[in-house]
Amino acid sequence: MSIPTPIKWENDNLIILDQQQLPHEIVYITLETIEDVFDAIVTLKVRGAPAIGIAAAYGLALAAKKHDGRLLESFHLRLHEDYLYLAGSRPTAVNLFWALDRLMNKVEAVESVLEAIALLEKEAVAIHEEDEKTCEQIGNYALSLLNDKTRVMTICNAGTIATAKYGTALAPFHIGAEKGKKFEVYACETRPVLQGSRLTVWELQQSDVDVTLITDSMAAHTIQAKGVEAIIVGADRIAENGDTANKIGTLNLAILAKEYGIPFYVAAPTTTFDLTIESGKGIPIEERKAEEITTIAGQSVAPEGTKVFNPAFDVTPSALITAIITEKGIVNQADYINIKSLVGRQAGE
Ligand code: MRU
């Protein structure tokens with residue numbers, strides 16, 4: 001796999017691969033302030049649930065350094081403001097909140113500002129490093145499910161650049177390629193932001209995976225005409241009952257999988273579970289600006305003033321999900337009732 005490292009922490013600098021420039025250019029940008037990190041998340045320069053969590057963790061660590069020299073009480077107040085600021089960047093991917101909470105918990109009982117600053121950086125690095133191992137484990141479990149299958153469909157980009165490495169839904173393709181397994185992947189372009197065509201196609205090409213681009217509206221026909229054998233997607237938030245929020249268009253694919261009798265898999269780390277939410281009804285869905293739909297590459301494609309509905313995610317009911325693949329193992333539909341114990345976390349953790 002020769003995909004550029006998506007997030008780097010070098011000499012106290014957060015450096016990210018600018019996903020808005022892909023696939024045309026490989027450009028790294030240095031994020032120096034919490035505002036830079038906030039902007040990079042909102043404008044999708046860094047995107048994908050685990051990557052958003054990693055970037056936000058580094059963002060909080062960066063912000064803390066700027067409060068050096070304050071009294072401990074004032075430091076905590078400022079850090080809390082920074083936490084709320086970063087938490088307001090995007091609403092759906094729970095990894096953002098999970099990562100920020102993990103850092104905040106770490107410094108609750110510190111005795112000095114310097115101790116807090118060091119702990120925040122250490123925790124952000126730990127989250128980053130853990131994610132790589134997590135994705136590799138997800139990839140291996142996913143590969144075991146897809147082993148006897150060749151033609152697989154996916155949507156959005158749940159790959160290396162959406163994580164520390166390998167990705168979630170794309171991990172079996174990268175790891176499979178390293179092991180000589182030949183997949184034929186059908187990538188939905190993922191209107192309106194085109195994470196499928198710009199990012200997934202590019203990423204899989206880097207790993208020499210056979211990937212074919214289709215528009216989202218071609219999914220049903222492609223499943224029928226090409227004999228797609230399974231669908232695998234990532235996730236932004238999974239409720240306690242297994243209902244899963246992921247990129248808009250995912251629900252369409254889940255319904256198609258049922259119609260055509262093929263398995264529909266969700267691949268996600270246990271940090272994507274939100275056990276404070278009973279069902280998908282409680283998952284906040286981000287709505288993005290109208291221009292994402294009314295323009296293509298800067299050109300207007302709709303009448304001036306067109307009314308637009310632009311939800312960035314949808315929720316797939318757990319009844320349509322064959323299995324959820326985590327780093328701790330594969331959770332089959334019959335076991336969603338035990339999700340709490342299976343993912344090894346309790347509500348709010
Ligand atoms: O809006 P995006 O590009 O951040 O949405 C990303 C997705 O929906 C991914 O499928 C999800 O975050 C999983 S990434 C491993």
Side-chain angles (χ1 to χ4, degrees), residues 3 6-7 16-20 22 40-56 89-99 127-128 130-132 134-139 142 153-174 187-200 202-204 216 231-238 244-254 264-274 283-289 292-293 310-316 321 324-327:
I3 300 162
I7 301 174
I16 61 155
L17 178 65
D18 182 351
Q19 299 195 31
Q20 286 291 17
L22 291 171
I41 294 173
V42 170
T43 58
L44 311 182
K45 293 186 179 81
V46 56
R47 48 144 298 283
I52 293 171
I54 296 165
S89 56
R90 292 191 76 189
T92 305
V94 78
N95 305 60
L96 169 72
F97 310 98
W98 168 84
I127 287 173
H128 190 179
E130 285 165 21
D131 191 58
E132 182 172 333
T134 295
C135 288
E136 195 179 351
Q137 287 166 326
I138 290 173
M153 184 173 283
T154 190
I155 189 166
C156 194
N157 172 269
T160 277
I161 56 175
T163 61
K165 196 176 172 185
Y166 294 114
T168 56
L170 299 193
F173 307 133
H174 291 305
C188 297
E189 69 169 346
T190 321
R191 275 276 285 153
V193 179
L194 306 179
Q195 289 94 333
S197 56
R198 291 190 302 109
L199 308 176
T200 290
W202 170 80
E203 210 190 284
L204 292 179
D216 303 333
I231 297 175
I232 187 165
V233 300
D236 286 83
R237 197 185 292 228
I238 305 173
T244 295
N246 190 50
K247 180 52 56 193
I248 192 73
T250 300
L251 173 59
N252 300 26
L253 295 188
F264 181 86
Y265 299 122
V266 167
T270 52
T271 50
T272 301
F273 286 79
D274 181 351
I283 301 180
I285 299 295
E286 177 181 12
E287 284 184 35
R288 294 185 62 87
K289 57 182 194 238
E292 284 185 353
I293 295 186
N310 184 16
F313 301 95
D314 56 28
V315 175
T316 300
I321 302 170
I324 303 175
I325 306 158
T326 77
E327 77 280 13

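Both ligands and their constituent atoms are indexed starting at 1 by order of listing.
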For atom 11 (C) of ligand 1, the closest protein heavy atom turns out to be D236 OD1, 3.2 Å
In this structure, atom 15 (C) of ligand 1 is nearest to the protein heavy atom T168 OG1, 3.3 Å
Is it the case that the side chain of R47 and the backbone of A40 share a donor-acceptor pair, with hydrogens and angles ignored and the cut-off at 3.5 Å?
no
So is G167 touching ligand 1 or not, going by heavy atoms under 4.0 Å?
no
Are the side chains of P269 and I138 in contact, using a 4.5 Å heavy-atom criterion?
yes
Can you confirm whether the side chains of E287 and N310 place a donor and an acceptor under 3.5 Å from each other?
no
Can you tell me if D236 and T92 form a side-chain donor-acceptor pair at under 3.5 Å?
no
Numbering the atoms of ligand 1 from 1, which are under 4.0 Å from a heavy atom of [X]?
{"X": "C156", "result": "5 (O), 6 (C), 7 (C), 8 (O)"}
{"X": "Q195", "result": "1 (O), 2 (P), 3 (O)"}
{"X": "A162", "result": "14 (S), 15 (C)"}

Contact check: N157 vs ligand 1, nitrogen or oxygen atoms, below 3.5 angstrom
no
Indicate yes or no: does an N/O atom of G48 lie under 3.5 Å from an N/O atom of ligand 1?
yes
Minimum non-hydrogen distance to atom 1 (O) of ligand 1, winning option of R47, K247, R237:
K247
Sorted by chain and residue number, the side chain to side chain donor-acceptor pair (under 3.5 Å) partners of N246 (sequence neighbours excluded) come out as T250
